[in-house]
Structures are given as C-alpha cells and as structure tokens.
Asker: 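Pasting a structure below so you can have a look.
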Amino acid sequence: MTTSVNHSRLGKFGLYVLLAGQLLPQIDFSIVNVALDAIAHSLHATETELELLVAVYGVAFAVCLAMGGRLGDNFGRLKLFNFGVLLFGVASLLCGLATSIWFLLAARALQGIAAALLVPQILATIHVSLTGHAHSRALGFYGAIGGLAFIVGQVLGGFLVSADIAGTGWRSVFLINLPVCAAILACSRRWVPDTRREHAAHIDWPGTLLLTAVVLCILLPISLGPSLHWSWPCFALLAAAVPLLRMLWNAELRQEQRGAFPLLPPSLLRLPSVRFGLLIAILFFSCWSGFMFVVALALQSGAGLSPVHSGNAFIVLGASYFAGSLLSTRVVAKLGRTPTLILGCLIQMSGLLLVMATFNRVWPHPGILNLAPATLLMGFGQAFIVSCFFRIGLADVPAEQAGAGSAMLATLQQASFGLGSALLGAVFAQTLHYSGHYLDATLAGLGAEFCLMLILLLSAVARHYRSRYLPVAV
C-alpha cells in the first residue's frame, strides 16, 4: 500500500478553499442549462449542438479524471489543483469570448479537462491531511456540496443571463468563474497543504485513449443521429465501439499483469459489487443529466420561461436533494445499501411520473409552484441513490485498491453525465422533429428516462433477493 507525503495539516480555511474549488466544476454542470436557449439564439445552435455542449464537458471530465488523480499523486496535489483552477479560468474566459458554437464546444472540452485536473486533488488532500472527526466532517461537507452547487448553478445562471450585466448575456455564466478562480489561487498556497505519493505511479495512457475512443463512438452517433437522419456513419461508429471495448479490456489486462495501475482494473471489474456500481453510474447519472437538459429546453424554448424562472423551477429539487443527502446516512444504516437504493428509485420514479403528469396538465405554463411537489420527490430520491452509489460500488474493494476503485466509479459517473444529455436529448430532438410539439418531445424524453430507471430498479430488486442466498453485501 502506498503512502503520501504530507507537509502540514489541512485547516478550516484550507478546507473552504478546496470546497470552493469543488463548487466550480459542479456549478458548471448545471449553470449552462439555463443559458441553452440564449446560446442557441446567439450562436444559431441546433438542439444537437446544444446536446454536445453539455456532453463534451462531462466526457472530457470523465476520461481525464484518473489521469488528473495520478498527476496530482506524482507531482503534488496542490500544484495540480492550482494548475487546474488556472486552466479552468482560462477555459471559462474562452467560453465567454466564443463567437461560434464550435469554438464554444472546444472551450467547454478544455473546461472539462481542467475540472479533471483539480477535482481529484480535493478528496485526496482531505483524505491524507485529516483524521477522526475532522475527516468525517470534511467528507460530509464534500458529499453535501453537490446539492448546494446544483441550487447555486440553476439560480445564479438564470439571474446572470436575465440581468445581462454589461451586455454579456449568457457569456456571464462563464465569465463569473474568473474572479472565483483568482480568489482560490490567491488563497490556496497559504491555506492548503501540499501532499503527494512517496512513489510515483504510471499513467495509463493506452486505457485513457481507448476509453476516449469508446465514449466518442457512442456519444457522437447518439448526438448527431437525428440531424444526420441516422445515416450509415452513425451505425458504423456505434459498431466500432464493440471492438474498441475489447481492445480496452485487453490493454487493461496487460497493464495489470505488468503490475502497473490500469484506468479500469480488470480484477475490480470481476467483483459483482463493482459491476453493479457501474450499472448505477451508467443508468442513474445518465438520467440525471438527461433530465436537466430536456427540462431546461422544455421550460425555455418550449414554454417560453425566462432564464430566471427556468432556474428557479429547480430550487425545490436542489433543496430536497441537499436535505436528503443529510438524512441518507441514517437511512442506509437502518435499511442497508440495496434497500435504500430501491427506496430512492421508487421515490425518484414517483416524482418523475408526477413531473410528466404536471407538464401534461399545466402546459404551456409550467413553473416553480406547480412543479414543486414532483421535484421535491425527485430530489429526495436522487439523494438516496447517490448515497448508495459509492457505498455499493466499493463494498468489496480491498483497502489497498480503494483509490483505484473510487477513480473507476467516478470516471464512469462523469462519462454518464456526458452521455445522458446526448441520449435523452436525441429522443427529445427526434420527437420534436416528427411531432413539432415541445410537450410531446418533453414527455418522450422523460419517458425514456423512466424506462432506464425501471431497469435500475428491477436490477436492484433482483440483487436484493439474490443476497438472501449468495454472500453479496447489501
């Protein structure tokens, strides 16, 4: 088991600096949703290009995440954290200056790479710099910050676009990152300790490149299929993902046999709990990002809500997610991991059905009040599912491989965030193309999400009942 060099203890102010760094990339997942309609009008972007705008950030984040963790281990986590924050600021400036949708897409990909460099350093620094109650308290803040980032992103994004500060419009949702990045860089060297591994670990370049190729072969045809009328190149790219997956598996086997550190360790993939954790990542986080994308388009482009009212419509969901994340530890302790996951799926799916019924009843005048009961349920359900994700995925992982297991699950989580907007966005765009009605497209996208969640629910129920006869951690 490798150890880390720790030059000083992480204090209260240092933790706040790290959490501010965590907020940056998480806010940018949600803040762009309320700017989609304004971006579409300003840069003449299609629904497909808007899907890619959300997806490329998550995919770049995902495929570079493990690399970012290794670079921090080898060269110093504070150094990589600061470089990631600086690069995130530069990428945000480029986003704010974009004059075409393709320039903006490239800048968003750079943002995702920057996020992948800074985010792994946060949890690693907390892990090696704190112990006991301070460590548990910091992890609690780390877990709950997602709900806070969700609320801040939606509300702040809506306010910034509508306020049109100095005529910047949607560009302000990216430019707002610049003073935050500057403040973090000014404080980090003083308050955050520098840590690193004693022994450098090699970066799995073959695994990273092959994973990127696999994700792109799935992402691009799904995103571009509707606009290309599902021509043969779309199916050719999808088919190419199969041999690339085989090449990825063989490459990871060779890395592991040499005693290296593969991106997706085959020994961990053989564990049932890890495979089930990956299933949760692919199904649930795809649904989460797809829901945000589809509903944001429905509220702004379809119902004509302003960015402020569109962002405010998600306040209840974010608040209930935050509250649910604080309750989830006690619920898991009382019910167990898999039963809590089943409960979360049932609550989330009930809220999703209520969202669909509400849209059908109040369209074209949806808003925060009539969506509040449904989004309240969805937020609580999502919090319970997320609380089980790492608990289930890491249940059988040996302690010496906990870092590799966490990185693998986080990689699939972020990739699913990127793929979700492309998948449900494609259903939305295809339905809108044929019916011409935003309500039909919205219900089709949410219906596809319900089907994916049903697969997750049935898988969780099957796992729970199998655990009565097999030694599977629940």
Side-chain angles (χ1 to χ4, degrees), residues 1-4 58-77 80 109 112-113 116-117 119-121 123-124 127 196-221 236-282 285 389-390 392-419:
M1 184 174 178
T2 58
T3 56
S4 292
V59 171
F61 194 165
V63 298
C64 296
L65 192 62
M67 180 186 69
R70 298 276 168 82
L71 289 172
D73 290 346
N74 294 348
F75 298 106
R77 297 179 182 114
L80 260 292
I113 294 171
L117 295 179
V119 166
Q121 320 316 327
L123 193 57
H127 183 65
R196 72 182 69 198
R197 286 170 60 119
E198 286 185 348
H199 306 289
H202 295 292
I203 297 172
D204 181 10
W205 291 112
T208 300
L209 294 174
L210 284 169
L211 178 63
T212 303
V214 169
V215 172
L216 290 177
C217 282
I218 297 172
L219 168 70
L220 290 177
L237 276 176
L238 284 172
V242 177
L244 284 170
L245 273 172
R246 183 65 185 177
M247 291 172 61
L248 175 61
W249 175 258
N250 291 335
E252 300 303 85
L253 274 176
R254 287 193 296 270
Q255 291 269 49
E256 193 168 63
Q257 289 166 359
R258 290 201 305 265
F261 298 90
L263 179 67
L264 305 172
S267 60
L268 295 185
L269 288 171
R270 295 187 185 100
L271 297 174
S273 59
V274 171
R275 291 200 300 269
F276 189 65
L278 297 181
L279 180 70
I280 296 172
I282 293 169
F285 292 108
F389 171 52
F390 278 104
I392 290 175
L394 298 176
D396 301 325
V397 174
E400 63 271 15
Q401 291 184 286
S406 298
M408 181 169 60
L409 291 172
T411 296
L412 266 294
Q413 176 191 21
Q414 300 301 333
S416 299
F417 272 130
L419 290 172

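Computed over heavy atoms, backbone and side chain alike; hydrogens, waters and symmetry mates excluded.
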Asker: Considering only heavy atoms from C-beta outward, does the side chain of I280 approach that of L409 to under 4.5 Å?
Answerer: no
Asker: Search all heavy atoms of G393 against all heavy atoms of V274 and return the closest pair with its distance.
Answerer: O-CG2, 3.3 Å
Asker: Within a strict 4.5 Å, meaning less than it, do heavy atoms of the L65 and F61 side chains meet?
Answerer: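 Side-chain contact under 4.5 Å: yes.
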Asker: List the atom of I113, the atom of C64, and the distance in Å for their closest heavy-atom pair.
Answerer: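 Smallest interatomic distance, heavy atoms only, reads CG1-SG, 4.0 Å.
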Asker: Compare every heavy atom of L117 with every heavy atom of G68, then report the nearest pair and how far apart it is.
Answerer: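 So the minimum-distance heavy-atom pair works out to CA-CD2, 4.0 Å.
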Asker: Where is the tightest heavy-atom contact between P221 and C217, given as atom of each residue plus distance?
Answerer: CG-O, 2.9 Å
Asker: Okay, side chain of T212, backbone of V63: is any donor-acceptor separation there less than 3.5 Å?
Answerer: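 Such a contact is absent between T212 side chain and V63 backbone.
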Asker: Would the distance check show the side chain of E252 and the main-chain N or O of L264 forming a donor-acceptor pair, the cut-off being under 3.5 Å?
Answerer: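 Answer holds: yes.
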Asker: May I ask you to check whether F389 and F285 place their ring centres under 6.0 Å from each other?
Answerer: yes
Asker: Can you find a pair of side-chain heavy atoms, one from L279 and one from R275, that are under 4.5 Å apart?
Answerer: no
Asker: Given S416, which partner from the list V59, I282, V215 fulfils the side-chain contact (heavy atoms from CB on, under 4.5 Å) test?
Answerer: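 When side-chain contact (heavy atoms from CB on, under 4.5 Å) is applied between S416 and each of V59, I282, V215, only I282 qualifies.
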Asker: Quick one, D204 and P206 - any side-chain contact, counting heavy atoms below 4.5 Å?
Answerer: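 Yes, side chains in contact.
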Asker: So which heavy atom on P262 is nearest to which on P266, and how close?
Answerer: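 Taking P262 first and P266 second, the nearest heavy atoms are CG-CD, 4.3 Å.
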Asker: Does CZ in R246 sit with more than 12 non-hydrogen atoms of other residues, nucleotides or ligands closer than 6.0 Å?
Answerer: no
Asker: So, the side chain of Q121 versus the backbone of G76: is there a donor-acceptor pair under 3.5 Å, distance only?
Answerer: no
Asker: Over all heavy atoms of both residues, which pair between E256 and R270 is shortest? Give the atoms and the distance, please.
Answerer: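 Minimum heavy-atom contact is OE1-NH1, 4.3 Å.
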Asker: What is the distance from atom CG of L278 to atom CD1 of I392, rounded to the nearest 0.5 Å?
Answerer: 12.0 Å
